[in-house]
Structures are given as C-alpha cells and as structure tokens.
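Read through the structure below, which is laid out as structure tokens, and then see the notes.
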There are 2 protein chains.
Amino acid sequence: MVTKQELSGLPEDADLRRADSLAREIFSDVANKWALLIIEALGERTLRFSELRDEVEGVSHKMLTQNLRMLERNGLVDRKVHPTVPPKVEYTLTEPGRALRATVDLLCGWTQQHLGHIEAARGRFDA
Amino acid sequence: MVTKQELSGLPEDADLRRADSLAREIFSDVANKWALLIIEALGERTLRFSELRDEVEGVSHKMLTQNLRMLERNGLVDRKVHPTVPPKVEYTLTEPGRALRATVDLLCGWTQQHLGHIEAARGRFDA
DNA sequence: CTGTATCCCATTAGATACTG
DNA sequence: CAGTATCTAATGGGATACAG
C-alpha cells in the first residue's frame with residue numbers, strides 16, 4: 001500500500017498535529033460547565049430556547065445563546081426554526097450530541113457518588 | 001420508619017438543596033479544561049510537578065498549581081512532598097480521582113471518534 | 001419569542017519576580 | 001524544584017436595549 005507519506009515525501013506528523021489541535025479545540029469547547037449542563041438538560045427531549053433557559057438553572061440569556069451556537073456549529077445540537085410569529089426555535093441533540101450526553105451522564109453519576117467523600121476531603125483540607 | 005422530616009418538622013428540601021449546590025460546585029470545579037487534562041495526564045502514574053507541566057501541553061505554572069490545589073482539596077489527587085533539597089513533590093490520583101478519570105477517558109474517546117463529524121459540521125456552519 | 005449588540009464590571013490567566 | 005505574590009492584558013459574563 002502506498003501511504004500518504006510516501007506520496008507527499010513529508011511525514012504525516014502534520015496531519016496528526018492538525019487532528020490533535022482540533023481535538024484540543026473540541027475538548028475546550030465541550031469541557032465547560034454551561035455546555036455540559038445544556039446537553040444534560042436536553043437529554044432525549046426537544047426544548048425551546050425559553051424552556052432551556054428555565055431548565056438550566058442560573059444560565060443567562062447570553063451564555064445560553066452563545067453555547068447553543070457553539071454546540072450547533074460543532075454539530076451536537078440541531079436547531080429547528082419555526083417561521084411563525086412569535087418565533088419558535090427548538091433544540092435537539094444530534095447523534096454525536098447524544099453520544100456525548102452518555103458520557104456527561106457518567107460524570108453526573110460520578111459526582112453524586114462521591115459527594116460525601118469530596119465534602120469530607122474539603123473539610124480536612126480547609127482545616 | 002421515622003424520617004428526618006417527621007423529627008424536625010421541616011421538609012428535607014433544605015438537605016436536598018445543599019447536596020444540589022455542592023454537586024453544582026464540584027461539577028464546576030471538575031468540568032474545566034485544565035482539571036480534566038491534568039487528570040488525564042496523571043492516569044495511573046505518579047508525576048512530579050515539573051513532569052506534569054511538560055505533560056499537560058500549554059498549561060502555565062499558575063494554572064497548574066491552581067488546579068492541583070483544587071483537585072487536592074476535593075480529594076481527587078494525593079500530594080506527596082519529599083522533604084529534600086531541592087524539593088520534590090509527587091502527585092497521584094486517589095480512588096475517586098481514578099474513577100473520574102474513567103469518565104474523562106470516555107470523553108477523550110468520544111472526541112476522537114467524532115473528530116470527522118465535527119469538522120464537517122463546522123465547515124457547513126461556517127459557510 | 002428568539003437573537004444580536006453594547007456597555008461594563010468581575011474573573012481569568014499569562015508573565016515576571018521572589019522565597020524556602 | 002515547587003510554590004506564592006503581584007501586576008497586567010484578555011476574556012467571561014451579567015444587564016440592558018433593541019430588532020425581526
């Protein structure tokens with residue numbers, strides 16, 4: 001088999017680095033509080049903008065739109081605009097979004113499971 | 001069975017809310033780029049401060065100490081100081097830390113798996 | 001209702017310097 | 001080597017106002 005490397009005469013490192021920096025970018029996008037809470041709130045449901053705002057406690061109008069745009073851009077949520085008046089916009093997790101949600105669920109589970117341990121550790125540390 | 005609620009005459013909601021806000025706090029601590037990258041870098045190994053700084057690409061001295069303190073406070077990493085000169089400090093994941101790492105691994109796996117899909121989605125969105 | 005833009009304050013994070 | 005402190009630039013994020 002003829003590899004890309006043999007054809008180009010250059011090492012494949014450039015590709016690997018590109019993939020790496022992309023992965024880093026995605027990781028930064030996704031590993032943030034609001035993004036994860038939004039994904040968790042969506043779950044299997046379809047929610048409107050205002051419903052999401054109510055559902056994700058403490059999120060501001062601005063952070064919600066900002067993160068929704070980011071999630072949409074990365075293809076993790078689907079944004080469906082109903083051309084009515086007043087407007088109605090619905091958000092749903094895409095397949096990759098749902099896959100991500102599965103891991104977020106685990107993170108939430110982990111948090112619940114270790115609440116006690118962590119609270120105790122904090123008490124010790126703060127002393 | 002006699003519940004806490006019957007004894008106190010107050011609803012248990014207060015307890016639930018406390019646990020909830022604690023969970024939120026932990027979630028915010030943990031759902032951040034550097035914390036997750038540090039946990040991932042540690043893995044099963046024990047690393048020194050300087051080794052971690054090399055391992056976690058792009059992390060600054062300051063962010064590393066800050067996040068390590070936070071992780072230590074939450075009982076997710078163990079900090080072992082060797083009273084030598086020059087000093088030598090080693091960091092290791094605790095049991096809860098390793099459990100968390102398992103979920104971080106999944107997140108990393110998810111990222112790798114969906115790199116292509118996400119890159120494509122971005123291309124479409126940016127157009 | 002949803003979304004964009006602006007103003008503005010709070011927080012974050014890098015760089016640098018200094019200590020044990 | 002590891003850690004703290006300080007200064008500063010950049011970013012984050014809330015409040016508000018306005019448009020479609």
Side-chain angles (χ1 to χ4, degrees), chain A residues 21 24-39 41-42 45-74 76-93 125-127, chain B residues 21 24-39 41-42 45-74 76-93 125-127:
Chain A
S21 85
R24 270 321 238 342
E25 232 181 283
I26 296 171
F27 200 83
S28 299
D29 273 0
V30 150
N32 102 57
K33 181 182 164 180
W34 293 127
L36 294 185
L37 288 174
I38 288 169
I39 286 169
L42 273 176
R45 302 177 289 173
T46 291
L47 292 178
R48 300 182 56 171
F49 182 85
S50 45
E51 294 172 327
L52 266 173
R53 200 183 37 210
D54 295 342
E55 208 71 27
V56 180
E57 171 149 337
V59 74
S60 69
H61 188 120
K62 187 179 177 179
M63 286 301 98
L64 187 54
T65 28
Q66 211 165 88
N67 278 278
L68 281 173
R69 279 313 149 270
M70 179 273 285
L71 292 172
E72 186 192 357
R73 177 168 119 91
N74 288 320
L76 306 186
V77 305
D78 181 58
R79 177 166 176 268
K80 170 114 190 165
V81 181
H82 298 267
T84 58
V85 40
K88 174 174 171 178
V89 182
E90 295 185 315
Y91 294 92
T92 318
L93 289 181
F125 186 93
D126 294 342
Chain B
S21 85
R24 271 317 215 42
E25 233 181 284
I26 296 171
F27 199 83
S28 300
D29 272 0
V30 151
N32 101 56
K33 182 183 163 180
W34 294 127
L36 294 185
L37 288 174
I38 289 169
I39 286 169
L42 273 176
R45 301 177 290 175
T46 290
L47 292 179
R48 300 183 57 171
F49 181 86
S50 44
E51 293 172 328
L52 266 173
R53 199 182 39 208
D54 295 342
E55 209 70 27
V56 180
E57 171 150 335
V59 73
S60 69
H61 189 121
K62 187 178 177 179
M63 284 303 97
L64 186 54
T65 27
Q66 211 166 88
N67 278 278
L68 281 172
R69 280 312 151 272
M70 179 273 285
L71 292 172
E72 187 192 356
R73 178 168 119 91
N74 287 319
L76 306 186
V77 305
D78 181 59
R79 177 166 176 268
K80 170 113 189 164
V81 182
H82 297 268
T84 58
V85 40
K88 173 173 169 176
V89 183
E90 295 185 317
Y91 294 92
T92 317
L93 290 181
F125 186 93
D126 293 342

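Order of the sequence lines sets the chain letters (A, B, ...), proteins ahead of strands, with each chain counted from 1. The basis for the numbers below is simple: all heavy atoms, side chains too, and nothing from hydrogens, waters or symmetry mates.
The interatomic distance linking Asn32(A) (CG) with dT12(C) (P) rounds to 14 Å, in whole Å. Atom CD in Glu72(A) sits about 12 Å away from atom C1' in dG3(C), given to the nearest Å. Distance CH2 (Trp34(B)) to C1' (dG14(C)): 11 Å, rounded to an integer number of Å. Rounded to whole angstrom, the span from the NE2 atom of His82(B) across to the C1' atom of dG20(C) amounts to 18 Å. Taking atom CG of Asp54(B) as the reference point, atom P of dC1(D) lies 10 Å away to the nearest angstrom. Rounding to whole angstrom units, CG of residue Leu52(B) and C1' of dG3(D) are separated by 14 Å. Atom CG of Leu64(B) and atom P of dA13(C) are 13 Å apart (whole Å). Put simply, CD on Glu90(A) is 13 Å from C1' on dT2(C), counting in whole angstrom units.
A donor-acceptor contact shorter than 3.5 Å links the side chain of Asn32(B) to the backbone of Asp29(B).
Along DNA chain C, the nucleotide closest to Val81(A) and the one closest to Lys62(A) are compared, and the more 5′ of them pairs with Val81(A).
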Task: Verdict with supporting geometry, Glu57(B) and Arg24(A), side-chain contact (heavy atoms from CB on, under 4.5 Å) - done: CA-CA 10 Å; Glu57(B) 171 150 335; Arg24(A) 270 321 238 342; 4.1 Å; yes
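For Pro87(A), whose side chain is taken as the heavy atoms from C-beta onward, the closest listed nucleotide among dG20(D), dT4(C), dA2(D) is dG20(D). Side-chain proximity of Phe49(B) to the nucleotides dG13(D), dT2(C), dA2(D) is greatest for dA2(D). Counting only heavy atoms from C-beta on, Met63(B) has its side chain closest to dA13(C) among dC1(C), dA13(C), dT4(D). The side chain of Arg69(B) lies closest to dT4(D) when the candidates are dT4(D), dG14(C), dC1(C). In the set dC1(C), dG3(D), dC1(D), the nucleotide with an atom closest to the side chain of Ser50(B) is dC1(D). The side chain of Tyr91(B) lies closest to dG3(D), out of dG3(C), dG3(D), dT2(C).
Taking only side-chain nitrogens and oxygens, Arg79(B) comes nearer than 4.0 Å to OP1 or OP2 of dG3(D). Taking only side-chain nitrogens and oxygens, Arg48(B) never comes nearer than 4.0 Å to OP1 or OP2 of dC1(D).
Residue-level contact check: Arg53(B) touches neither bases nor backbone, having no heavy atom under 4.0 Å from any strand.
Counting only heavy atoms from C-beta outward, the side chains of Ile38(A) and Val77(A) never approach each other to under 4.5 Å.
Taking every heavy atom of both residues into account, Val30(A) and Ala35(A) meet most closely at O-CB, 4.0 Å.
Screening Glu55(B), Glu90(B), Glu51(B) against Arg45(B) for a salt bridge (charged side-chain N to carboxylate O under 4.0 Å, His left out) leaves a single residue, Glu55(B).
Counting atom types as modelled, His61(B) pairs a side-chain N or O with a base atom of dG3(D) as donor and acceptor under 3.5 Å.
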